Visitor: 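Just dropping this structure here.
Protein chains get the first letters and strands the later ones, always in sequence-line order, with residue 1 at the start of each. Just so you know, these numbers come straight off a predicted model, no measurement behind them.
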Amino acid sequence: MKTLWQVGGVLALAACALPGADLVIQNAKILTVTKGRLEGSIRISNGKIAEVGEKLMIPGGATVVDAAGKYVIPGIIDCHSHIAADSINEGSVSVSSMVGIEDVLNPEDIDIYRALAGGVTTVNVLHGSANAIGGKCSVIKTRWGKDVKGLLFEGAKPGIKFALGENPKRRGSTPSFGATTLRYPATRMGVEDVIRQAFTDARRYQADWKAFEARTAKGETAIPPRRDLKLDPLVEILEDKRFIHAHCYRADEILMLLRLADEFGFKIRTLQHVLEGYKVANEIAKHGAGASTFSDWWSYKVEAFDAIPYNAALMHKRGVLVSLNSDSAELMRHLNLEAAKVMKYGGLTEEEALAMVTINPAKQLAIDSRVGSIEVGKDADLVIYDQHPLSNYSKVEKVFVDGVMYFSREEDEKARMKLELRKKALEEKQKKPAAAPGRRPA
Amino acid sequence: MRAILLLLASLAAAPAQETILIRNAYIHPVVGEELPSGSVLIQGGKIAGVGVKLAAPKGATVIDAKGLHLYPGLINSATNIGLSEIGAVRETSDTNELGDFNPQLRALIAVNPESEHIAVTRANGITSVVTLPQGGIISGQGAMIHLDGWTWEEMSVKGDVVVRLNFPVIAASSGEFFNSRATAYGEAKKRYDEELEKLRLFFEDARRYEKAKSAGGAGFQTDPKLEAMLPVLAGRRPVLVVARRERTILDAIAFARRERVKIILAEVREPGKALAEIVKDKIPVILGETHTLPAEEDAAYDSQYTLPAELHKAGVKFAFGSFDNQFARNVPYQAAAAVAFGLPKEVALKALTVHAAEIWGLGGQLGSIQEGKVADLILTDGDPLETKTQVRSLFIQGKQVSLDSKHTKLYEKYSRRPQ
């Protein structure tokens with residue numbers, strides 16, 4: 001682990017060799033996602049995209065990356081992942097909004113590097129789906145080698161996980177982890193009730209605080225309400241300061257959550273998985289919720305038995321903002337190939353397909369002014385592929401985050417040879433007799 | 001007698017008798033030269049002719065395939081299709097029987113021809129699959145089935161194609177990654193030793209049974225469990241040995257040598273030094289999904305992506321399997337992922353067609369567009385290993401089969417919902 005961590009650090013350092021100098025990627029086939037495609041160059045300055053054009057002047061001292069015959073796309077964004085988190089589910093209660101992923105982020109998780117090697121530069125790290133209202137989530141960039149603070153996507157609006165259907169109700173019928181008691185709820189009716197009760201409490205709590213603030217504003221002395229760490233995030237939802245990412249499968253539960261949100265006056269930012277979203281696409285579009293779905297998962301459980309690979313395309317055609325997510329440390333390594341499936345199933349265009357793993361998830365996370373497309377002024381989060389990224393024969397060659405090269409296949413191959421040599425040296429060392437007692441290693 | 005039985009079997013397996021001429025197709029026969037514009041004649045469920053221009057026999061249905069590509073139907077070499085419908089619902093799954101040794105169990109007779117997985121999988125160009133039981137140590141017999149037919153009998157290409165053996169592993173928390181359980185090493189090792197010994201004894205029993213049977217003593221009684229081992233002991237039926245990592249693979253090969261049985265390795269993940277032994281014994285391999293995470297943290301990020309290319313370079317013959325149903329239709333993309341990391345494209349296609357057929361002992365019937373082979377064919381608008389390619393028509397045993405599935409039906413239904 002440590003060795004690889006160091007390898008990552010070395011890579012990042014190598015790419016930073018000339019601090020402040022510009023970087024130019026030239027001769028590339030550039031798929032901007034939002035501004036069409038062109039053959040030309042991208043100039044990166046201070047971590048941002050400074051220029052995109054067919055012919056650019058290369059400033060003196062600039063590092064040049066030749067990408068002749070290769071493709072460049074904006075860094076991939078995964079709107080549903082659990083990498084870099086040491087724990088996922090606080091499943092002991094049905095409302096766990098007091099906990100947050102940020103507290104358990106592990107910057108040494110090798111899956112960060114693997115995701116990076118698959119072209120992923122931004123990740124929505126979510127709490128699990130064991131409870132109706134889950135924990136808070138964190139948006140990170142795959143800045144391998146940085147600490148927790150260095151991973152966090154600065155200024156990204158905070159989120160929280162909700163979950164409907166089989167997962168949150170499972171512990172209402174099956175005790176888990178040696179527990180003998182059952183946990184409410186056991187039905188989809190109960191899931192609605194848990195969320196309704198929580199927001200009823202949150203509204204009262206919000207009113208108590210407002211009353212307190214009104215009294216202090218008038219100069220009166222007042223006792224503040226008792227702080228409730230579970231309700232604070234829910235008040236943030238009511239005040240549009242926190243996004244809801246709601247795990248869901250069936251059309252009925254999706255509609256239930258949209259109506260409950262309408263009733264309480266808040267928005268569902270994204271519906272996650274949303275495998276039957278195509279059945280209620282009209283309603284989802286009308287509410288304005290985004291949909292973050294799998295390309296073609298189905299049949300692994302009852303609520304996934306009506307899942308169809310046309311889901312993303314159908315929702316998109318009805319005006320829903322759709323992204324494709326992974327929920328898997330493996331699948332996230334080739335989300336570009338997942339995107340190709342919306343061309344097969346539903347006949348979307350190349351640009352629409354790529355948008356589902358770049359600009360669309362950026363919009364869902366409200367970070368689209370920073371990432372998600374190749375446009376001047378945006379973060380230089382870029383991926384170079386050897387072939388068209390929607391081809392199954394393509395692979396990632398280089399990945400830049402904020403203009404820094406965090407992954408290079410070439411460098412990786414060199415590093416793994418070094419690692420092999422170090423392993424061999426250690427094996428040899430072990431074969432030799434132990435040093436005499438008392439002698440300190442040199 | 002034997003000839004008559006074979007004749008009966010072939011009659012049962014060939015329900016389609018239509019004569020079809022596909023012409024003007026770009027033919028990719030997999031074995032032999034490509035024909036940029038050619039014809040294929042289908043008669044009696046078989047390929048009756050392949051050529052630049054063939055005349056349509058009287059009464060033949062003629063399909064003009066101008067601009068389309070004709071490939072042999074693809075083969076997924078490991079699924080549970082027909083045996084398992086919804087992963088999480090026990091009642092819909094018939095893959096895992098009780099008990100450690102069940103070579104007598106036959107997947108074929110439990111295949112549900114109404115499984116939704118059949119139509120979903122074949123819509124992507126997969127015309128036949130191996131469907132496998134998976135419980136215990138010896139799980140039972142896998143079958144090669146066509147993804148079309150009114151009954152499992154009609155679907156059968158070869159009923160008892162292989163006996164599956166899940167080779168014992170030391171399943172401690174630090175042991176076999178894919179079977180990780182929080183067991184102390186000592187306990188796991190003890191269990192592993194016990195399982196190995198049970199396996200050895202089971203084969204010993206089978207040998208004694210074989211001897212007793214051939215001796216023909218008056219008191220001999222048939223035992224279905226041991227009877228099912230006879231083709232294995234005689235080397236007529238291979239054993240599909242699931243062995244993922246170096247140590248397990250070495251164990252499995254040593255076992256095969258000792259017992260003198262023919263094996264096919266399945267789900268090889270980290271062969272390490274065992275690769276040389278695989279090559280030495282010319283053991284074929286059924287690879288699982290290329291898109292898999294490395295088991296070890298310090299393995300190269302692409303170690304599973306490059307595995308097929310490494311096996312090919314070493315001279316190992318392999319095919320691909322999904323080892324599940326959910327993603328059974330994506331097996332061509334698993335092959336393509338290996339191409340991205342060094343496997344020659346034509347080998348990837350062979351692994352899905354002729355190499356698969358040969359590994360399963362069906363090289364004379366499936367896997368290429370050649371006269372005399374079963375007419376399992378797909379017409380596509382491009383390379384079937386690329387996701388955006390659409391399968392336009394599909395033929396199984398010479399019969400054009402629908403590309404509709406639960407998925408297309410729901411798509412059409414909800415496309416019609418007013419906005």
Visitor: With respect to A:S299, which candidate in B:E85, B:Q326, B:E116 satisfies the side-chain contact (heavy atoms from CB on, under 4.5 Å) definition?
Guide: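 That would be B:Q326; it is the only one of B:E85, B:Q326, B:E116 passing the side-chain contact (heavy atoms from CB on, under 4.5 Å) with A:S299.
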
Visitor: How far apart are the closest heavy atoms of B:P418 and A:N282, and which atoms are they?
Guide: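 Reported closest heavy-atom pair: O-ND2, 2.8 Å.
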
Visitor: With A:Y345, which residues qualify under ring pair (Phe, Tyr, Trp, His ring centres under 6.0 Å), at least two apart?
Guide: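 Checked A:Y345 against ring pair (Phe, Tyr, Trp, His ring centres under 6.0 Å); matches are A:Y310.
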
Visitor: Which region of A:A307, side chain (C-beta onward) or backbone (N, CA, C, O), has a non-hydrogen atom less than 4.5 Å from a non-hydrogen atom of chain B, or is it both or neither?
Guide: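 Backbone only.
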
Visitor: If you define the side chain from C-beta out and look only at heavy atoms, does anything of A:N392 sit under 4.5 Å from B:V339?
Guide: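 When only atoms from C-beta onward are counted, B:V339 and A:N392 do not touch, as no gap falls below 4.5 Å.
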
Visitor: In the structure I gave you, are the side-chain heavy atoms of B:H117 and A:W298 within less than 4.5 Å of one another anywhere?
Guide: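 A side-chain contact exists here, since the closest heavy-atom pair is under 4.5 Å.
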
Visitor: Does A:T293 have any side-chain hydrogen bond (donor to acceptor under 3.5 Å, both in side chains) partners at least two apart in sequence or in another chain, and if so, which?
Guide: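 Once residues adjacent in sequence are excluded, the partners of A:T293 under the side-chain hydrogen bond (donor to acceptor under 3.5 Å, both in side chains) criterion are A:N311.
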
Visitor: Please determine if A:R422 and B:D298 form a salt bridge, counting it only when a charged side-chain N lies under 4.0 Å from a carboxylate O.
Guide: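 Salt bridge absent between A:R422 and B:D298.
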
Visitor: In terms of side-chain heavy atoms, does A:D306 have a donor or acceptor partner in B:Y414 at a distance below 3.5 Å?
Guide: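 No, no side-chain donor-acceptor pair sits under 3.5 Å.
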
Visitor: Could you look at A:E283 and say if it's the side chain, the backbone, both or neither that has a heavy atom under 4.5 Å from chain B?
Guide: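 Only the side chain of A:E283 comes within 4.5 Å of chain B.
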
Visitor: Evaluate the criterion side-chain contact (heavy atoms from CB on, under 4.5 Å) for residue pair A:R409 and B:Y301; output intermediate values, then yes/no.
Guide: CA-CA 10 Å; A:R409 185 165 161 77; B:Y301 80 95; 2.8 Å; yes

Visitor: Counting heavy-atom pairs closer than 4.5 Å to chain B, which one of A:K395, A:H334, A:M343 comes out on top?
Guide: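 Top count of heavy-atom pairs under 4.5 Å with chain B: A:H334.
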
Visitor: With a 4.5 Å cut-off on heavy-atom pairs, point out which of A:D386, A:V302, A:D296 contacts chain B the most.
Guide: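 Most pairs with chain B among the choices: A:D296.
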
Visitor: Shorter than 4.5 Å, heavy atoms on both sides: which option in A:K341, A:E166, A:E413 has the most such pairs with chain B?
Guide: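 Heavy-atom pairs under 4.5 Å are most numerous for A:K341.
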
Visitor: Where on A:K317 is there a heavy atom nearer than 4.5 Å to chain B: the side chain, the backbone, both, or neither?
Guide: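 For A:K317, the contact with chain B is made by backbone and side chain together.
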
Visitor: Applying side-chain contact (heavy atoms from CB on, under 4.5 Å) to A:L337 and B:T387, what does each step give before you reach the verdict?
Guide: CA-CA 8 Å; A:L337 306 183; B:T387 299; 5.6 Å; no

